[in-house]
Amino acid sequence: MLFRSGPPGAGKGTQAQQLAQGQGLLHLSTGDLLRAEVAAGTALGQEAAAVMARGELVSDGLVLAIVRSRLEQQAADRQQGDSGTSGWLLDGFPRNRAQAEALEALLAELGQPIELVVLMELDDDLLMQRLLGRGRADDNAEVIRHRLTVYRDQTAPLIAYYRERGLLASVDAQGSIEAIAARIQTLLG
Ligand code: ADP
């Protein structure tokens, strides 16, 4: 099992998807799941859309409900002998201390500890370039700057949180997709 984090634009999504596929893990991206809710026009999606467009964090309760239901579903499937995915890879979650603590409680309930937290490091200029090149609805310069501020204020403190727990590993997120994937593979040993 594995869990990862990093600033917006560090290439989390790309790496997470490939890695999860390669290792047969459930890839759980809160950003992707929220965008799917927005696209489907659900009540949850309507609540999240404006918040995401501003580059703010969607409420902890909402995000936690999504993560909880997916992890519980996977645990139930496995109990019934469904050998689909074993383990999970969380992408873009947790993003603040409250989410990290709630995750800890949920995983204790499920008896599934975090094995590793991967931090992908990239300098701000490169982050900005990548995000602007991507062209997603919330990828304009002003919103990106705000997302980076939110990251610094709320998410970056989790680096110390997981370092203290001996779970953190950092990866240089500069270079080609293949080069970064190779660095992550080395960490996984
Ligand atoms: P990026 O890593 O580029 O910021 P994501 O797809 O991870 O992209 O997130 C896009 C948006 O979705 C965030 O700016 C935020 O509004 C919302 N979001 C995603 N994950 C979370 C989370 N764990 N908690 C709160 N909001 C989230």
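The structure presented is a predicted model; accordingly, all values stated were derived computationally and were not measured. Whatever order the structure lists them in is the order used to number ligands and atoms, beginning at 1.
Ligand 1 has an N or O atom lying under 3.5 Å from an N or O atom of R95, backbone or side chain. For V58, a nitrogen or oxygen atom sits less than 3.5 Å from a nitrogen or oxygen atom of ligand 1, counting backbone and side chain alike. Some N or O of R147 is nearer than 3.5 Å to an N or O of ligand 1, by distance alone.
Those atoms of ligand 1 with a heavy atom of Q99 less than 4.0 angstrom away are 22 (C), 23 (N), 24 (N), 25 (C). Listed by number with element, the atoms of ligand 1 under 4.0 angstrom from any heavy atom of M52 are 11 (C), 12 (O), 16 (O), 17 (C). Each of the atoms 3 (O), 6 (O), 8 (O), 10 (C) of ligand 1 lies under 4.0 Å from some heavy atom of R136. Set against the non-hydrogen atoms of R134, the atoms of ligand 1 under 4.0 Å away are 3 (O). Close contacts of ligand 1 with G92, meaning ligand atoms under 4.0 Å from a residue heavy atom, involve 20 (N), 21 (C), 22 (C), 23 (N). Residue-ligand proximity, E56 to ligand 1, at heavy-atom distances under 4.0 Å covers atoms 15 (C), 16 (O). For ligand 1, the atoms sitting less than 4.0 Å from at least one non-hydrogen atom of K12 are 2 (O), numbered in the order shown with element in parentheses.
Taking 4.0 Å as the cut-off, R54 does not count as a neighbour of ligand 1 on heavy-atom distance.
Using a 4.0 Å cut-off between heavy atoms, L57 contacts ligand 1 through both its backbone and its side chain. The proximity of H146 to ligand 1, defined as any non-hydrogen pair under 4.0 Å, does not occur for either the backbone or the side chain.
Shortest non-hydrogen contact noted between L132 and I144 is CD2-CD1, 3.8 Å.
Within the structure, every pair that satisfies the side-chain hydrogen bond (donor to acceptor under 3.5 Å, both in side chains) test and touches residues 63-73, not counting sequence neighbours, is listed here: R68-E72, R68-E109, Q73-D77.
Electrostatic pairing of D125 and R130 does not count as a salt bridge here, judged by no charged N lying under 4.0 Å from a carboxylate O. Taking 4.0 Å as the cut-off between side-chain N and carboxylate O, R165 and E104 count as a salt-bridged pair. The pair D124-R152 meets the salt-bridge criterion, since a charged nitrogen lies less than 4.0 angstrom from a carboxylate oxygen.
Between L57 and V51, the closest side-chain pair of non-hydrogen atoms is not below 4.5 Å. The shortest side-chain heavy-atom distance between R147 and E56 does not fall under the 4.5 Å cut-off. A heavy-atom distance below 4.5 Å is not found between the side chains of L158 and L119.
Taking the ring axis of F93 as reference, the NZ or CZ atom of R95 does not stay both within 45° of it and closer than 6.0 Å to the ring centre.
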